[in-house]
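Here's the structure, in structure tokens; my notes come after.
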Amino acid sequence: MPERNILSAKRDALELRSRVIERIRSHFRRAGFLEVQTPLLTPAPAPELNIEAVPAGDGFFLATSPELYMKRLLAAGYGKLFQLTPVFRSGERGRLHHPEFTLLEWYRTGASYKDMQRDCVELLHEVCAFGAATGGGTCRGSVIEPGKPWESLTVRDAFLRLAGWDPVVDFDPDRFDVDLVTKVEPYLGFPNPCFLEDYPPERAALARLKDSAPPVAERFELYWAGIELANGFTELTDPAEQRKRFEAVLADRHEAGLSSRPMPEAFLAAIEHLPQCAGIALGLDRLVMLLAGADSVDRVVAFPPDLL
């Protein structure tokens, strides 16, 4: 099919995407959030084992997330921030993955991951109020709706129910990753969105640990129609613990034969001043895909990788 026809056929989805973005901005501005724009280039992305940054030359990488920059702003005294921004991750291509995609990320000080869950409910109800009228309401044959109440499941309960073992008491990293994708995620969020919360400490990432026995991380992911939409934390504010976690990831990358990464020293220095806060990253392309009733993020961006 000629490119002009392909692009023309996307008009409804692109108009929906535009209205979703407009509604998101309106929602956060009314709630007193400041919209910010942080750099797309970084000398030191957050060390992660399963995310590869794209080298941009001159010692820089394309940003895999705005997280570290936004927390540096929080540490400087900003209370409520949001951002809509492109981010880049090497090697990601599939129905739900592009090497370039759009993140909605927001943070608030004095908040916990439970506050971010309430933010999600309010935001999606507002955004979806017009989404269903423009073609949403089903995804790959399944009815979806944002109606209340949304289910909350701990990782422990979800794995016991769907995978038959407890990853909080006896963590197995390889088994956890495989079972999460194949046995747990596909069954979450029908017809309403679902929170999967309280991750094993080994998957805490940048989240604070809860004072519980056994300990779990104050982290959640938001699922809808079996698709991960968002990842939120009560943020870790202990620079020594954060450095220890980054060092462990860098050691794992070295052991796995992956490229080395510089330590994000500017971020580690800033979180000396980071107050209690919580934050979340939500995949805008996936949200629009669900609202449009589309089967791939290719359908809701103007130029997917194959059209570049």
Side-chain angles (χ1 to χ4, degrees), residues 1 3 5-25 27-28 51 64-65 82-89 91-106 119-147 150 180-182 184-196 220-232 280-308:
M1 181 184 295
E3 178 180 290
N5 293 356
I6 295 173
L7 295 178
S8 178
K10 291 173 179 273
R11 177 174 292 277
D12 286 348
L14 296 184
E15 289 181 351
L16 172 62
R17 182 188 182 96
S18 175
R19 291 197 298 276
V20 168
I21 290 172
E22 181 180 4
R23 189 65 65 96
I24 287 171
R25 286 203 160 102
H27 174 86
F28 281 106
I51 294 178
T64 58
S65 161
F82 82 100
Q83 180 167 198
L84 279 158
T85 183
V87 295
F88 307 86
R89 298 179 184 181
E92 301 208 3
R93 181 69 177 104
R95 186 175 67 85
L96 301 175
H97 299 275
H98 285 169
E100 176 183 347
F101 59 100
T102 302
L103 271 185
L104 164 65
E105 195 144 330
W106 73 94
D119 281 358
C120 287
V121 173
E122 293 175 4
L123 175 66
L124 262 66
H125 273 84
E126 181 167 344
V127 169
C128 293
F130 70 92
T134 55
T138 63
C139 181
R140 290 179 291 136
S142 297
V143 174
I144 60 171
E145 55 187 51
W150 295 8
L180 178 64
V181 172
T182 62
V184 177
E185 286 184 349
Y187 302 98
L188 300 178
F190 294 96
N192 311 124
C194 168
F195 295 117
L196 184 66
F220 73 94
E221 292 191 335
L222 172 63
Y223 288 90
W224 200 7
I227 295 170
E228 180 209 335
L229 268 187
N231 185 20
I280 183 170
L282 185 150
L284 179 79
D285 304 331
R286 292 183 181 184
L287 176 60
V288 177
M289 181 190 106
L290 287 172
L291 295 178
D295 59 2
S296 166
V297 289
D298 285 12
R299 304 274 301 276
V300 298
V301 301
F303 293 94
D306 297 345
L307 276 185
L308 298 180

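Residue numbers run from 1 in the order of the sequence given.
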Approximate separation, where rounding is to 0.5 Å, of [X] [atom1] and [Y] [atom2]:
X: L104; Y: L84; atom1: CG; atom2: CG; value: 5.0 Å
X: R23; Y: R25; atom1: CZ; atom2: CZ; value: 14.5 Å
X: L290; Y: D295; atom1: CG; atom2: CG; value: 11.5 Å
X: C194; Y: L229; atom1: SG; atom2: CG; value: 11.5 Å
X: W224; Y: N192; atom1: CH2; atom2: CG; value: 8.5 Å
X: L291; Y: R19; atom1: CG; atom2: CZ; value: 10.5 Å

What's the shortest heavy-atom distance between [X] and [Y], and which atoms?
X: A230; Y: I280; answer: CB-CD1, 3.7 Å
X: M1; Y: N5; answer: CG-CB, 3.5 Å
X: V288; Y: A13; answer: CG1-O, 4.3 Å
X: A225; Y: F190; answer: C-CZ, 3.3 Å
X: L282; Y: L124; answer: CD1-CD1, 4.1 Å
X: R17; Y: V300; answer: NH1-O, 3.1 Å

With a 4.5 Å heavy-atom cut-off, do [X] and [Y] have their side chains touching?
X: H97; Y: R286; answer: yes
X: L123; Y: C120; answer: no
X: F101; Y: V297; answer: no
X: T102; Y: I21; answer: no
X: I227; Y: M289; answer: yes

Geometric class of the F28/F82 ring pair [parallel <30°, tilted 30-60°, perpendicular >60°]: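 Parallel: the ring planes of F82 and F28 meet at under 30°.
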Going through the checks in order, is the side-chain contact (heavy atoms from CB on, under 4.5 Å) test met by V121 and W150? CA-CA 8 Å; V121 173; W150 295 8; 3.6 Å; yes
Assess the residue pair F195 and L222 against the criterion (side-chain contact (heavy atoms from CB on, under 4.5 Å)); give the C-alpha distance rounded to whole Å, side-chain angles, the decisive distance to 0.1 Å, and a yes or no. CA-CA 5 Å; F195 295 117; L222 172 63; 3.7 Å; yes
Okay, side chain of R89, backbone of T64: is any donor-acceptor separation there less than 3.5 Å?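 Confirmed, R89 side chain pairs with T64 backbone.
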Are more than 12 heavy atoms, taken from residues, nucleotides or ligands other than E15, located less than 6.0 Å from that residue's CD atom?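 Enclosed.
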Evaluate the criterion side-chain contact (heavy atoms from CB on, under 4.5 Å) for residue pair E228 and L96; output intermediate values, then yes/no. CA-CA 9 Å; E228 180 209 335; L96 301 175; over 6 Å; no
Charged N-O contact under 4.0 Å between D298 and R93: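 Answer for the salt bridge query: yes.
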Could you walk me through whether L16 and D12 pass the side-chain contact (heavy atoms from CB on, under 4.5 Å) check? CA-CA 6 Å; L16 172 62; D12 286 348; over 6 Å; no
